[in-house]
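To start, the structure itself, in structure tokens.
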Number of protein chains: 4
Amino acid sequence: MTPSPARRGELLATAAEVFAAQGYNATTVRKIADEAGMLAGSLYYHFDSKESILDEILSTFLDELWQGYDEVLAAGLGPRETIEALVTESFREIDRHRAAVAIYQKESRHLAKQERFAYLVESQQKFEKAWLGTLERGVAAQVFRSDLDIRLTYRFVRDTVWVAASWYRPGGQHSPEEIARQYLSMVLDGIAVRT
Amino acid sequence: MTPSPARRGELLATAAEVFAAQGYNATTVRKIADEAGMLAGSLYYHFDSKESILDEILSTFLDELWQGYDEVLAAGLGPRETIEALVTESFREIDRHRAAVAIYQKESRHLAKQERFAYLVESQQKFEKAWLGTLERGVAAQVFRSDLDIRLTYRFVRDTVWVAASWYRPGGQHSPEEIARQYLSMVLDGIAVRT
Amino acid sequence: MTPSPARRGELLATAAEVFAAQGYNATTVRKIADEAGMLAGSLYYHFDSKESILDEILSTFLDELWQGYDEVLAAGLGPRETIEALVTESFREIDRHRAAVAIYQKESRHLAKQERFAYLVESQQKFEKAWLGTLERGVAAQVFRSDLDIRLTYRFVRDTVWVAASWYRPGGQHSPEEIARQYLSMVLDGIAVRT
Amino acid sequence: MTPSPARRGELLATAAEVFAAQGYNATTVRKIADEAGMLAGSLYYHFDSKESILDEILSTFLDELWQGYDEVLAAGLGPRETIEALVTESFREIDRHRAAVAIYQKESRHLAKQERFAYLVESQQKFEKAWLGTLERGVAAQVFRSDLDIRLTYRFVRDTVWVAASWYRPGGQHSPEEIARQYLSMVLDGIAVRT
DNA sequence: AATGAATGAGACTTCATTCAT
DNA sequence: AATGAATGAAGTCTCATTCAT
């Protein structure tokens with residue numbers, strides 16, 4: 001007999017998978033229910049609405065993400081080490097919450113317009129502050145190049161990490177840590193051979 | 001009986017803008033019509049269906065993209081120069097077809113399942129062949145690092161370029177060529193200061 | 001297997017209150033259960049259906065009402081005294097069954113169409129016979145005015161009494177008997193000062 | 001070819017009729033559409049929602065009602081004449097808007113809780129002020145009896161008039177003015193023969 | 001070229017009801 | 001007696017699409 005919170009969790013995972021695969025709008029509540037082996041109406045015993053399912057998926061993910069990030073940011077590491085830790089943590093989150101990350105990527109921009117999803121905007125601002133700040137510290141400390149537009153660099157690093165969610169499959173040949181290592185190597189040192 | 005091509009073009013541009021901002025599924029035909037200053041039904045004088053609007057936006061974009069790419073690929077450049085030319089050309093396309101690129105990014109994966117959009121799959125395959133091939137040539141020629149997983153590198157470079165469409169605004173402070181130059185600098189040489 | 005009659009009675013009272021406040025159709029079985037401190041499904045241990053709850057509320061009320069009315073009608077009073085007694089009895093019923101009366105007022109018309117609630121029609125016919133008959137006797141006996149349309153008078157007196165259920169609150173400053181006295185005074189003698 | 005406002009008006013009248021007959025909640029949007037000879041979805045070309053149909057029915061009715069009432073109240077009549085004019089005006093409104101009045105009677109109490117229908121509360125307050133005030137003036141001027149509870153009298157007169165909507169059928173044997181005359185006669189002078 | 005009105009399929013949601021525990 | 005979870009029918013609403021004008 002599965003107790004209630006476990007069932008909710010299962011349903012959320014199922015829903016996240018479907019949202020990620022088809023897009024939130026293109027996903028019907030019936031599709032989720034089918035996947036969960038129940039009727040569409042039955043979902044409403046567990047959740048208020050389709051939107052609240054989405055909400056719970058995203059907020060749960062962001063809560064966990066920030067737990068990891070905050071720990072890193074509080075550790076007092078140097079700029080380069082901070083970037084390395086954040087990227088590694090990010091790939092771990094992608095590993096754990098692949099579906100949620102994919103949804104976040106695809107939907108957050110237009111969801112952010114809604115009152116209910118205001119926390120997406122907040123999160124994105126904290127995000128920017130953390131990364132951009134670290135990069136700036138690194139430039140000041142002459143760890144990162146100063147000849148690049150810093151905002152461009154920020155976007156480059158940020159995108160570089162998160163787009164991975166669109167093709168990443170948990171249980172593939174590379175562990176999240178290995179992918180992080182290679183990504184960091186490219187981002188930090190480039191793909192060209194040094195001459 | 002054939003409606004004026006100029007009007008069609010305007011309507012396609014309007015539709016692309018709305019699709020990019022809200023997502024294809026979340027965009028109603030009425031929203032497009034509103035934006036174009038007409039009623040929803042009137043769009044059907046110009047187009048067969050909502051889907052055919054999307055189709056025309058994407059295929060027009062890809063046609064132009066491949067015109068540029070094919071020219072680059074036919075020029076007989078070295079691997080590094082080819083990558084540089086492809087990236088630059090890509091940013092030019094983003095500049096010209098920002099909305100179409102954004103739509104492509106968000107929707108191509110699930111559209112590709114439909115017969116009608118089979119060309120998206122073809123294009124993506126040609127794409128992979130061009131980039132991956134160039135990277136392999138580069139590794140062989142000892143221009144690019146050989147210690148990295150080549151598919152990871154491919155995804156890294158590819159995504160890194162195209163996600164830019166999600167934040168790029170034509171007419172901003174950097175020209176597409178300038179952005180390309182900085183991106184290339186990061187991708188090729190990394191963001192870390194050389195020691 | 002028969003649940004306790006006391007619990008049934010409480011639940012019926014609770015349900016009646018909610019039906020009266022929100023209307024039968026607008027009342028969900030869950031709302032009743034909430035009010036009773038149980039879950040919706042649990043009501044079905046006590047009752048067959050939502051409709052049977054309504055049925056029991058109304059039929060219980062009408063049974064009691066007719067007990068009182070029949071006593072009055074059997075007492076062999078004169079027409080004026082009969083009207084006085086019926087009105088007084090009516091206000092006593094409103095005092096005892098306020099919710100049921102309010103429901104009856106609002107829902108009886110369309111419920112009457114259903115087989116199950118045929119007794120509402122019967123009751124209404126007996127009702128009309130009792131009141132209209134008494135009024136006619138009164139006109140014949142020159143106790144009531146003969147210059148008025150008798151059906152209009154009937155409706156006037158009937159409605160005037162029962163609508164009171166919509167604002168009456170048990171335990172207010174006037175007893176049912178006092179309200180009956182004032183109503184009768186208005187109905188019989190009018191509100192204008194005699195000249 | 002019926003121009004748009006006329007069509008709206010027809011649909012509103014149809015909807016009002018159905019709402020009055022079956023109750024707002026028990027009325028399905030499909031029933032209204034059937035009655036209007038269209039499909040359920042088609043109603044949404046003309047109206048935002050089922051609720052907005054109800055809103056428009058009620059507010060249109062109240063607007064017209066208050067136009068009539070305000071004229072009466074501004075005429076500077078004595079208390080008895082004011083009551084007579086208000087009652088007559090009320091029966092005229094019942095004649096014109098029978099369905100709307102019936103809906104108002106049945107639904108206004110619980111609708112009033114919603115923000116959107118706040119005007120029902122306002123109207124009801126103006127209503128009370130107009131009638132109660134007139135009655136008080138009449139008592140002071142010794143035109144109405146002073147031995148009755150004035151609020152009871154107010155409810156008596158108010159209910160007396162409006163419940164008529166529940167049985168009134170336009171085009172019956174009595175004109176609204178004739179019904180008003182008889183009601184006023186009962187209310188003012190009572191139904192008992194004077195001795 | 002465009003409007004106004006409607007269609008019809010299908011979406012999300014509600015809710016009375018059932019039933020194993 | 002009551003819970004927790006689910007069913008299934010039905011309800012409101014949305015939206016791409018059609019078509020006479």
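A note on names: the letters A, B, ... follow the listed sequences, proteins ahead of strands, and every chain is numbered from 1. Atoms considered below: every heavy atom in the structure, side chains included; atoms not considered: hydrogens, waters and symmetry mates.
Remark: C1' of dG11(F) and CD of Q22(D) are 14 Å apart, rounded to the nearest angstrom. Here dT7(E) presents its C1' atom at 14 Å from CG of D34(D), a figure rounded to the nearest Å. For the pair R8(B) CZ and dA1(E) P, the interatomic distance rounds to 11 Å; values are reported in whole Å. For the pair K31(C) NZ and dA16(E) P, the interatomic distance rounds to 13 Å; values are reported in whole Å. Rounded to whole angstrom, the span from the NZ atom of K50(D) across to the P atom of dT12(F) amounts to 5 Å. With rounding to whole Å, M38(D) atom CE is found 14 Å from dG8(E) atom C1'.
Sequence order on DNA chain E of the closest nucleotides to N25(A) and A40(C) puts N25(A) first from the 5' end. Checking L11(D) against D48(A), the closest nucleotide of DNA chain E that is more toward the 5' end is the one next to L11(D). The nearest heavy atom of DNA chain F to L43(A) and to L39(C) marks one nucleotide each, and the one closer to the 5' end goes with L39(C).
For R7(A), no side-chain nitrogen or oxygen approaches OP1 or OP2 of dG4(F) to under 4.0 Å. The phosphate of dA11(E) (OP1 or OP2) has no side-chain N or O of T28(A) nearer than 4.0 angstrom. A sub-4.0 Å separation between OP1 or OP2 of dT14(F) and a side-chain N or O of Y44(D) is absent. An OP1 or OP2 oxygen of dA6(F) is reached within less than 4.0 angstrom by a side-chain nitrogen or oxygen of H46(A). Residue R30(D) places no side-chain N or O under 4.0 Å from the OP1 or OP2 atom of dC13(F). Side-chain nitrogen and oxygen atoms of S42(C) include none within less than 4.0 Å of the OP1 or OP2 phosphate oxygen of dA1(F). For dA6(E), neither phosphate oxygen OP1 nor OP2 lies less than 4.0 angstrom from any side-chain nitrogen or oxygen of Y45(D).
Atom CZ of R116(A) has more than 12 heavy atoms from other residues, nucleotides or ligands within 6.0 Å. In this structure, R96(D) places its CZ atom where more than 12 heavy-atom neighbours from other residues, nucleotides or ligands lie under 6.0 Å away.
Using a 4.0 Å heavy-atom distance criterion, T27(B) is classed as a sugar-phosphate-only contact. In this structure, V29(D) reaches the sugar-phosphate backbone alone: every heavy-atom distance under 4.0 Å involves primed, P, OP1 or OP2 atoms, never a base.
When side chains are defined from C-beta on, L62(D) does not count as touching E122(D), because their heavy atoms never get closer than 4.5 Å. Side-chain contact check for N25(C) versus Y24(D): every heavy-atom pair is 4.5 Å or farther apart.
Base pairing of dG8(E): its partner is dC15(F), meeting the Watson-Crick or G-U wobble criterion (both donor-acceptor distances under 3.5 Å). Using the Watson-Crick or G-U wobble rule with both distances under 3.5 Å, dT21(F) pairs with dA2(E).
Listed for the S59(C) side chain is a donor-acceptor partner under 3.5 Å among the backbone atoms of D55(C).
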